[in-house]
Amino acid sequence: MKKIIAVIISALMLLSCLLVYADNEPYLNDPFYEQMWHYDAVKAHAFRDNGIDGRGVKVGIIDSGLTKELDKFPEFWDFDGVDIQTGINVCAKLDKNDELLYDTSDNGYHGTSVASIICAKANNEYGIAGLADGCTIIPYKIED
């Protein structure tokens, strides 16, 4: 019973934080911020206004892989300050192809786009702002 009460209190505290800061304007200067509907939908500025970002958070992305530096649309792939760790190419693992086991490069850019929404460098007057910039990303490629 105590555990349930603690969870309820934690949820109420989080909700109150979101409600208090829901009407505040964010302080991000990224040019594509106005088009980033998801930022407002999850009230991410409430956390950012309180100094909460992705530092110390590890995120596993199960998608088409991740390519850190791309020439196409560079304003969406600003991973400065993001720790992109070596992930696993699940397709290569299933095919028992040890040569490609750690090749998580993204051929279709979907996984890279997902990573950008999560962790693209924010407030740098360039491109988009990730929800948890500064986090650690571990890509898992599940599509060839």
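On a predicted model such as this, the values are computed, not experimentally measured, just so you know. Along the sequence shown, residues are numbered consecutively beginning with 1. We use all heavy atoms of the structure for the numbers below, so side chains are in, but hydrogens, waters and symmetry mates are not.
Residues C119 and V82 come closest through the heavy atom pair O-CG2, 3.2 Å. Considering every non-hydrogen atom in both E125 and P31, the closest pair reads C-CD, 3.7 Å. In plain terms, the two heavy atoms of L66 and A115 that are nearest each other are CD1-CB, 3.3 Å. Among all heavy-atom pairs drawn from L28 and A129, the shortest one is CD1-CB, 3.8 Å. For the pair Y140 and G60, the tightest heavy-atom approach, listed with the atom from each and the gap, is CE1-CA, 4.2 Å.
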Worked verdict on E34 versus M36 for side chain to side chain contact (heavy atoms under 4.5 Å, CB included): CA-CA 6 Å; E34 295 298 322; M36 296 172 53; over 6 Å; no
Evaluation steps, side chain to side chain contact (heavy atoms under 4.5 Å, CB included), between F79 and I84: CA-CA 9 Å; F79 296 126; I84 299 178; 4.1 Å; yes
Check the pair L131, V42 against side chain to side chain contact (heavy atoms under 4.5 Å, CB included), reporting the backbone distance first and the verdict last. CA-CA 9 Å; L131 292 168; V42 299; 4.1 Å; yes
Show your reasoning for whether side chain to side chain contact (heavy atoms under 4.5 Å, CB included) applies to N107 and S64. CA-CA 7 Å; N107 300 332; S64 61; over 6 Å; no
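At distances below 3.5 Å, not a single donor-acceptor pair connects side-chain atoms of K58 with backbone N or O atoms of I137.
Side-chain heavy atoms closer than 4.5 Å link hydrophobic residues (I, L, V, M, F, W, Y) into clusters, and following such links, possibly through other members, connects F32 to I118. Linking Ile, Leu, Val, Met, Phe, Trp and Tyr residues whenever their side-chain heavy atoms come within less than 4.5 Å places Y33 and I128 in a single cluster.
When each of T104, N97, D98 is checked for a side-chain contact (heavy atoms from CB on, under 4.5 Å) with L100, only N97 meets the rule.
Every residue meeting the side chain to side chain contact (heavy atoms under 4.5 Å, CB included) condition with N124, not counting sequence neighbours, appears here in chain and number order: D30, D78, K121, Y126. When the salt bridge (Lys or Arg N to Asp or Glu O under 4.0 Å) test is applied to D63, no partner is found at least two apart in sequence or on another chain. Qualifying side chain to side chain donor-acceptor pair (under 3.5 Å) partners for Q85, counting only residues two or more places apart in sequence or in other chains: D83. In this view, D106 satisfies the salt bridge (Lys or Arg N to Asp or Glu O under 4.0 Å) rule with no residue, not counting sequence neighbours. Applying the side chain to side chain contact (heavy atoms under 4.5 Å, CB included) test to S113 and every residue at least two apart in sequence or in another chain returns W77.
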Show which side-chain atoms of residues 87-95 pair as donor or acceptor with protein atoms under 3.5 Å away, not counting sequence neighbours.
{"unit_1": "N89", "atom_1": "OD1", "unit_2": "C91", "atom_2": "N", "d": "3.1"}
{"unit_1": "N89", "atom_1": "OD1", "unit_2": "A92", "atom_2": "N", "d": "3.1"}
{"unit_1": "N89", "atom_1": "ND2", "unit_2": "D103", "atom_2": "O", "d": "3.0"}

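From I62, atom CD1 reaches atom CD1 of I142 across 6.5 Å, with rounding to the nearest 0.5 Å.
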